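Here's the structure, in structure tokens; my notes come after.
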Amino acid sequence: MRILLIHSDYLRYKTKSKTKIAEKIEDEKKGGEFDNALVVFTAVEREDEKDADNIIESAVSEIMNVSAQVKPDNVIIYPYAHLSSSLSSPDAAKNILKGMESKLKEKDVSVSRIPFGWYKSFEISCKGHPLSELSRTITVKPKEEEKAEEEPSKWYILSKGELHDPEGYEYENEDLRKLMLYELGKMESSGEEPPHVKLMREKGLSDYEPSAHVGHLRWYPKGRLIRDLLSDYVYNLVTEYGAMPVETPIMYDLADEAIRTHADKFGERQYRMGTKKELMLRFACCFGAFRILSDSFLTWKNLPVGLYELSTYSFRLEKRGEVVGLKRLRGFTMPDFHSVCRDIPQSMEEFERQITMCMQTGDDLNVNYEVIFRATQDFFDENKEWMYKAAEKVGKPMLLEILPRRKHYWISKMDFAAIDYLGRPIENPTIQIDVESAERFDINYINEKEEEEYPIIIHCSPTGSIERVIGSLLEKTAIELREDPKKMPMLPVWLSPIQVRVIPIAERHFDFALSLAEYLKDSNIRVDVDERSETVGKKIRNAGKEWVPYTIVIGDNELGKEQVTVNIRETNEKVLMDKDELIARIHAEVKGMPVRKLPLPVKLSKRVNF
RNA sequence: GCCCUAGUGGCUUAGCCGGUAGAGCGAUGCCUUGGUAAGGCAUAGAUCGGGGGUUCGAAUCCCCCCUGGGGCUCCA
């Protein structure tokens, strides 16, 4: 809404002729004269239709503010379309103008509203003092005020079916204490930058892309490989759990009402496109999955049904200053698993299974998660026993948040967070029980009585975003190094872009080195050969900088021999072993994990330094 | 969006009460053909984040903007 406020000695008007949208009026409204009047020329805009009450309230409070200063005898609401190029519908405008009139009347203001939709002549005499001409743009107020009024959540530590006060609790686990401090806003900051930002660039994984929007990364071959391996990992995991992988579009038409409502819930943090059709970029895979589900014929016999998609990418227009390294991006890749359940009890069963699944990713990735369990007060009161039981699946104390009432689409959720080098959480896996979306997207199933029913939907990301997983792994190396400066930082062997480096000493060792590499490669090991003319010392150092887990030096002593000396990064030992022993060792370390080929030239002399 | 802080070859940085950029790593070339975390020499590489201003003269002082990092806020 746009308003122009004129404090006048007098306003006179007369209606001349009707337009198509004219409101019906009594004769006495066909003209008038007001002295000492604050005239509020008002244009109601399209935006205002979304939340008329809010706009009326804001406009009235603005008018009251000005009135308090200039003290008019009359307030006149004067419809004036020419203040905006994006007008609302005439009906909406009339309603809002009437709303303003009655709100002002309630406040005992002498208010008159000039007829809408008439051609009018008018004469105004502006007083000309500093406050006599003001203009204001009134937008839907962000829910700050509501939020301030909102009751705060209750926080507990939940341990073995007992609730404790988070402040007084004796933490055995430092990470959980840090998570509590952060969530309750009591974290003190050291002002450092998280180490993973430097590491991701230094190790040639990824970097900022200055030619894109802030928060969108470029990925180099090594980083791309790690992303792919993690993607394969989650794919295998969720299909084990019965999910069916799908792929859906990344952009959606906001003309679809369900899409629009779901999108609007997310607020301003969306990429919207100013194309002829109003389109948005997805911020999660919900849209596509829900549309598939609403077009599917589901019966009680199918349920629970799981759809899985890896969102390359999801887009969130995070505010400036919120985007950080791999922790918070505007374009990110998120495994998104939606299960459709018959009812709350079945969703609780699924929830438990998914806790197991999320915990497993922590084990497999070797990342420690701390947990926040959240629920609405209602859900907690009705399902206390179940929540305590579900919490036991995690097997350690966790933070519990009880929200006074449902604020979002979920009634209960569990968030798993890794703690970074600076003691702040990196939100990773999450599980949420959604009680709203089925109805909104018209997803239903046929129950035993052959009736249509809305199911409950669980959202689950078993690892959280792939970028955050990589961030957590990098942070972990920095934490370990801080705790033990002798510790060699590295990635798990299955994720190491280069697993074995072969270093020939002189040219006469090249052939042997290359054939050794070939042999290892045939056993699905990512191996390369540093045949540059550098000293052995330097090549060893380079391999260390690249975090290569196994390094083999080939010289005269090794030529034609079965056994080679292997430098093991993890233990910093040199071990004489057979090449098949090395293969067996690596295979044991990467057991059950995805395998991908080396995405780089085998010879280091051919390699590009990103 | 607000507050604080930073931006100098690909990377790490010196210079910063004004006089027109210096190094290390990396890259390239030559020498060295070597045994476990930097061998030697040489060469190339910088509109000092961008724009504007002050000045005879600006990396240096002033203003605006962009980007990084931190904080607030936010992360359905």
Side-chain angles (χ1 to χ4, degrees), chain A residues 142-144 147-148 182-183 185 187-198 201-204 207-215 261-270 283-284 286 314 316-325 327-330 332 334 374 403 406-410 413 415 417 422 424-427 430 432 434 436-437 459 464-465 468 488 501 503-510 530-548 551-559 564-569 572-575 605 607-610:
Chain A
K143 289 147 201 145
E144 274 166 38
K147 284 225 165 120
Y182 187 89
E183 285 297 321
M187 219 355 243
E188 69 276 10
S189 155
S190 61
E192 293 169 79
E193 96 174 316
H196 78 264
V197 178
K198 201 173 161 190
R201 311 166 88 170
E202 202 176 282
K203 302 302 166 199
D207 206 343
Y208 300 109
E209 174 50 71
S211 301
H213 200 196
V214 177
T261 314
H262 196 75
D264 282 345
K265 287 214 138 200
F266 198 65
E268 292 168 3
R269 286 158 196 270
Q270 295 170 49
F283 45 81
C286 305
S314 283
R316 298 189 184 183
L317 190 49
E318 306 290 6
K319 291 189 199 153
R320 231 164 94 45
E322 291 174 338
V323 178
V324 180
K327 269 185 87 168
R328 195 86 174 266
L329 290 163
R330 285 178 173 155
F332 59 95
M334 176 116 117
R374 308 180 205 260
L403 292 87
R406 182 150 69 85
K407 192 160 106 181
H408 313 302
Y409 58 68
W410 50 265
K413 74 189 285 219
D415 295 318
L422 301 171
R424 298 170 307 192
I426 305 179
E427 286 171 32
T430 180
Q432 307 163 358
D434 175 353
E436 264 184 21
S437 299
H459 304 241
S465 86
R468 282 183 177 174
M488 294 291 191
R501 170 151 306 160
I503 299 177
I505 292 174
E507 262 177 56
R508 63 178 176 281
H509 310 122
F510 283 11
D530 189 351
E531 28 65 282
R532 297 171 306 164
S533 86
E534 296 290 349
T535 58
V536 174
K538 186 154 179 176
K539 292 183 191 178
I540 292 277
R541 182 180 150 86
N542 276 322
K545 272 166 67 175
E546 288 185 65
W547 292 356
V548 177
T551 308
I552 304 172
V553 178
I554 298 296
D556 290 340
N557 299 342
E558 283 76 20
L559 284 184
V564 289
T565 307
V566 179
N567 296 256
I568 304 173
R569 179 170 179 80
N572 206 11
E573 294 174 294
K574 286 194 267 291
V575 177
S605 62
R607 198 159 292 174
V608 176
N609 233 330
F610 292 110

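What you see is a predicted model, and the numbers here were worked out from it, not measured in a lab. In the text below, chain A, chain B and the rest are named by the order of the sequence lines, each starting its count at 1.
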Check the distance between [N]'s [atom2] and [X]'s [atom1] and give it to me in whole angstrom.
X: A:Ile426; N: B:C75; atom1: CD1; atom2: C1'; value: 14 Å
X: A:Glu318; N: B:C75; atom1: CD; atom2: P; value: 10 Å
X: A:Lys539; N: B:G39; atom1: NZ; atom2: P; value: 12 Å
X: A:Tyr208; N: B:U67; atom1: OH; atom2: P; value: 13 Å
X: A:Gln270; N: B:C74; atom1: CD; atom2: C1'; value: 15 Å
X: A:Phe283; N: B:C74; atom1: CZ; atom2: C1'; value: 15 Å
X: A:Leu422; N: B:G70; atom1: CG; atom2: P; value: 8 Å
X: A:Asp207; N: B:G68; atom1: CG; atom2: C1'; value: 11 Å

Pairwise [atom1] distance, [M] and [N] [rounded to whole Å]:
N: B:A14; M: B:C74; atom1: C1'; answer: 40 Å
N: B:C48; M: B:C41; atom1: P; answer: 30 Å
N: B:U55; M: B:A46; atom1: P; answer: 32 Å
N: B:C61; M: B:G22; atom1: C1'; answer: 23 Å
N: B:C17; M: B:G35; atom1: P; answer: 50 Å
N: B:G15; M: B:C30; atom1: C1'; answer: 33 Å
N: B:U47; M: B:A58; atom1: C1'; answer: 14 Å
N: B:C16; M: B:U60; atom1: C1'; answer: 4 Å

Identity of whatever pairs with [N] - Watson-Crick or G-U, under 3.5 angstrom:
N: B:C41; value: B:G29
N: B:C75; value: none
N: B:A23; value: B:U12
N: B:G7; value: B:C66
N: B:C61; value: B:G53
N: B:G35; value: none

(message) On the nucleotide B:G70, are OP1 or OP2 found under 4.0 Å from the side-chain N or O atoms that A:Arg424 carries?
(response)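 A:Arg424 to B:G70 OP1/OP2: side-chain N or O found under 4.0 Å.
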(request) Kindly say if A:Arg330 contacts the phosphate of B:C75, meaning a side-chain N or O under 4.0 Å from OP1 or OP2. (result)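 Negative; the distance criterion is not met.
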Side chain of [X], backbone of [Y]: donor and acceptor closer than 3.5 Å?
X: A:Lys545; Y: A:Ile540; result: no
X: A:Arg330; Y: A:Glu318; result: yes
X: A:Lys539; Y: A:Ile505; result: no

From [atom1] ([X]) to [atom2] ([Y]), nearest 0.5 Å:
X: A:Asn567; Y: A:Arg501; atom1: CG; atom2: CZ; result: 12.0 Å
X: A:Ile503; Y: A:Lys538; atom1: CD1; atom2: NZ; result: 13.0 Å
X: A:Leu329; Y: A:Arg468; atom1: CG; atom2: CZ; result: 8.5 Å
X: A:Glu534; Y: A:Asn542; atom1: CD; atom2: CG; result: 7.5 Å
X: A:Arg201; Y: A:His196; atom1: CZ; atom2: NE2; result: 11.0 Å
X: A:Glu531; Y: A:Ile554; atom1: CD; atom2: CD1; result: 14.0 Å

(message) Go nucleotide by nucleotide along RNA chain B from the 5' end; which of A:Val323 and A:Gly555 gets its closest nucleotide reached first?
(response)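 Its nearest nucleotide lies further toward 5', so the answer is A:Gly555.
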(request) On RNA chain B, check which nucleotide each of A:Lys198 and A:Arg269 is closest to and give me the residue with the more 5' one. (result)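 In this pair, the answer is A:Lys198.
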(message) Tell me whether the side-chain N or O atoms of A:Arg316 pair up with the base of B:C74 as donor and acceptor below 3.5 Å, since no angle test is needed here.
(response)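 No pair found.
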Using a 4.0 Å heavy-atom cut-off, does [X] contact any base of the nucleic acid, only the sugar-phosphate backbone, or nothing at all?
X: A:Ala284; result: base
X: A:Glu546; result: nothing
X: A:Pro194; result: sugar-phosphate
X: A:Glu427; result: base

(request) At under 4.0 Å between heavy atoms, which parts of nucleotides 24-34 of chain B does protein reach? Answer with one letter per nucleotide, 5' to 3': B base, S sugar-phosphate only, - none. (result) --SS----BBB
(message) Taking the minimum atom-to-atom distance to the side chain of A:Asn567, which one of B:C75, B:U36, B:A37 wins?
(response)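 Among B:C75, B:U36, B:A37, the one nearest the side chain of A:Asn567 is B:U36.
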(message) Check this for me: does any side-chain nitrogen of one of A:Arg269 and A:Glu322 sit under 4.0 Å from a carboxylate oxygen of the other?
(response)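 Result for this pair is yes, salt bridge flagged.
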